[in-house]
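Here the structure is a predicted model, which is why all the values come from computation and not from measurement.
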Amino acid sequence: MRISTSFFYSQGLKNMLEQQSKLLRVQDQLGHGVKNLSPSDDPSAAARVLGLNQSITKIEQYDENAIYAKQRLELEESTLDSVSLVLQRVRELTVQVGNIGTGDLQTRTAIAAEIKERIDELLDLANTRDVNGDYLFSGFKSRTQPFFTDGSGSYTYNGDQGQMEVKIGNTRQVTVSDSGADVFQRIRTGNGTFSVDS
């Protein structure tokens, strides 16, 4: 078989173009830092990459949820610590009133004014919000202010009994809110051994 010069040149050109195309592809792969530039290059690898990307997204969401839960629970803990301090101060004032008797009206009036301030402080603490503006003690109604007062000593709870949970893993959830009714209204009488009549 005889090979013509034009066939020889066209075959050489074809081989050079194929090599140039392969070189451009390798340069693209290096430039993008990936082996497969499009899903059609390797469909099974593309499916695995897609699955891995979805897993990474889910893990990142769990991580964000865990950070949110930690911040919210730390805020709730510090709020309840403040509530304990306020209640301790009210207890001290109550004992002080009992010790001074009925004679010192000016001191009793000052103590009553401070107790009123502490009750207002408790109301503010019960209506604490997180960084997103959600109330800590409203249950599922996180955008509803949990406690209101009519100014005459009556307090109303407007939240619900729910406890919000945040998913921090495939099978793990963390409770990130409590019902204000459970925290501030349903308080045991006494210490469980005895009770105090009012």
Side-chain angles (χ1 to χ4, degrees), residues 57-102 104 106-198:
T57 300
K58 191 185 286 188
I59 290 168
E60 287 171 347
Q61 184 61 56
Y62 290 152
D63 187 46
E64 287 176 23
N65 290 352
I67 291 168
Y68 170 74
K70 182 176 186 272
Q71 290 172 343
R72 192 160 160 111
L73 291 173
E74 285 174 348
L75 177 60
E76 185 171 330
E77 182 180 15
S78 71
T79 301
L80 292 176
D81 285 345
S82 297
V83 166
S84 290
L85 292 173
V86 169
L87 291 175
Q88 179 62 35
R89 179 62 183 152
V90 169
R91 181 174 176 260
E92 291 167 2
L93 291 170
T94 305
V95 169
Q96 187 178 347
V97 165
N99 288 338
I100 63 169
T102 58
D104 192 352
Q106 186 177 9
T107 303
R108 291 171 67 88
T109 303
I111 290 173
E114 185 176 346
I115 288 175
K116 168 80 172 88
E117 288 175 17
R118 298 295 156 243
I119 289 172
D120 291 343
E121 188 177 347
L122 280 175
L123 179 63
D124 290 341
L125 289 168
N127 288 327
T128 299
R129 292 178 179 219
D130 67 10
V131 293
N132 297 326
D134 294 333
Y135 289 98
L136 290 182
F137 301 108
S138 283
F140 292 130
K141 296 181 172 182
S142 61
R143 292 293 179 174
T144 301
Q145 182 176 329
F147 289 97
F148 288 93
T149 181
D150 61 6
S152 66
S154 269
Y155 295 87
T156 306
Y157 177 64
N158 293 311
D160 61 25
Q161 306 310 312
Q163 288 184 303
M164 290 192 308
E165 293 183 339
V166 173
K167 196 167 184 173
I168 61 168
N170 282 335
T171 59
R172 189 154 169 92
Q173 295 184 12
V174 174
T175 301
V176 294
S177 75
D178 289 300
S179 161
D182 289 338
V183 174
F184 295 101
Q185 292 179 323
R186 294 188 186 117
I187 300 169
R188 269 189 331 179
T189 303
N191 64 1
T193 305
F194 64 91
S195 63
V196 179
D197 292 331
S198 43

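In this structure, Arg118 and Val86 approach most closely via the heavy-atom pair O-CG1, 3.5 Å. Closest non-hydrogen pair, Ser177 versus Glu76, comes out as CA-OE1, 4.1 Å. Heavy atoms only, all atoms of each residue included: Thr144 and Tyr135 are closest at O-CD1, 3.3 Å. Of all the heavy atoms in Thr79 and Phe137, the pair that sits closest is CG2-CE1, 3.9 Å. Contact record, Ala69 with Val174: CB-CG1, 4.3 Å, taken as the closest heavy-atom pair. Here the closest heavy-atom approach between residue Asp160 and residue Gly139 is recorded as OD1-CA, 3.3 Å.
A distance of 9.5 Å separates CD in Glu114 from CD in Glu121, rounded to the nearest 0.5 Å. For the atom pair CD of Gln61 and CD of Glu64, the computed distance is 5.0 Å after rounding to the nearest 0.5 Å. To the nearest 0.5 Å, atoms CZ (Phe140) and CD (Gln163) are separated by 8.0 Å. Atoms CG and OG1, on Leu123 and Thr128 in that order, are 10.0 Å from each other to the nearest 0.5 Å. In this structure, CD1 in Ile119 is found 5.5 Å from OH in Tyr155, a value given to the nearest 0.5 Å. Taking CG of Leu136 as the reference point, atom CG of Leu73 lies at 9.5 Å (rounded to 0.5 Å).
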Go through the steps to decide whether Gln161 and Asp182 satisfy the test side-chain contact (heavy atoms from CB on, under 4.5 Å), and finish with yes or no.
CA-CA 8 Å; Gln161 306 310 312; Asp182 289 338; 4.0 Å; yes
Please determine whether salt bridge (charged side-chain N to carboxylate O under 4.0 Å, His left out) holds for the pair Arg72 and Asp130, giving the CA-CA distance in whole Å, both sets of side-chain angles, and the decisive distance to 0.1 Å.
CA-CA 7 Å; Arg72 192 160 160 111; Asp130 67 10; 2.6 Å; yes
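Listed by chain and residue number, Phe147 satisfy the ring pair (Phe, Tyr, Trp, His ring centres under 6.0 Å) test with Tyr157 (two or more places apart in sequence, or in another chain). Scored by the salt bridge (charged side-chain N to carboxylate O under 4.0 Å, His left out) test, Lys58 finds no partners at all (sequence neighbours excluded).
Without hydrogens or angle criteria, Ser142 side chain to Ser138 main chain gives no donor-acceptor distance under 3.5 Å.
For residues 142-151, the salt bridge (charged side-chain N to carboxylate O under 4.0 Å, His left out) pairs, not counting sequence neighbours, are Asp134-Arg143.
In this structure, the side chains of Glu92 and Gln96 stay at 4.5 Å or more apart for every pair of heavy atoms.
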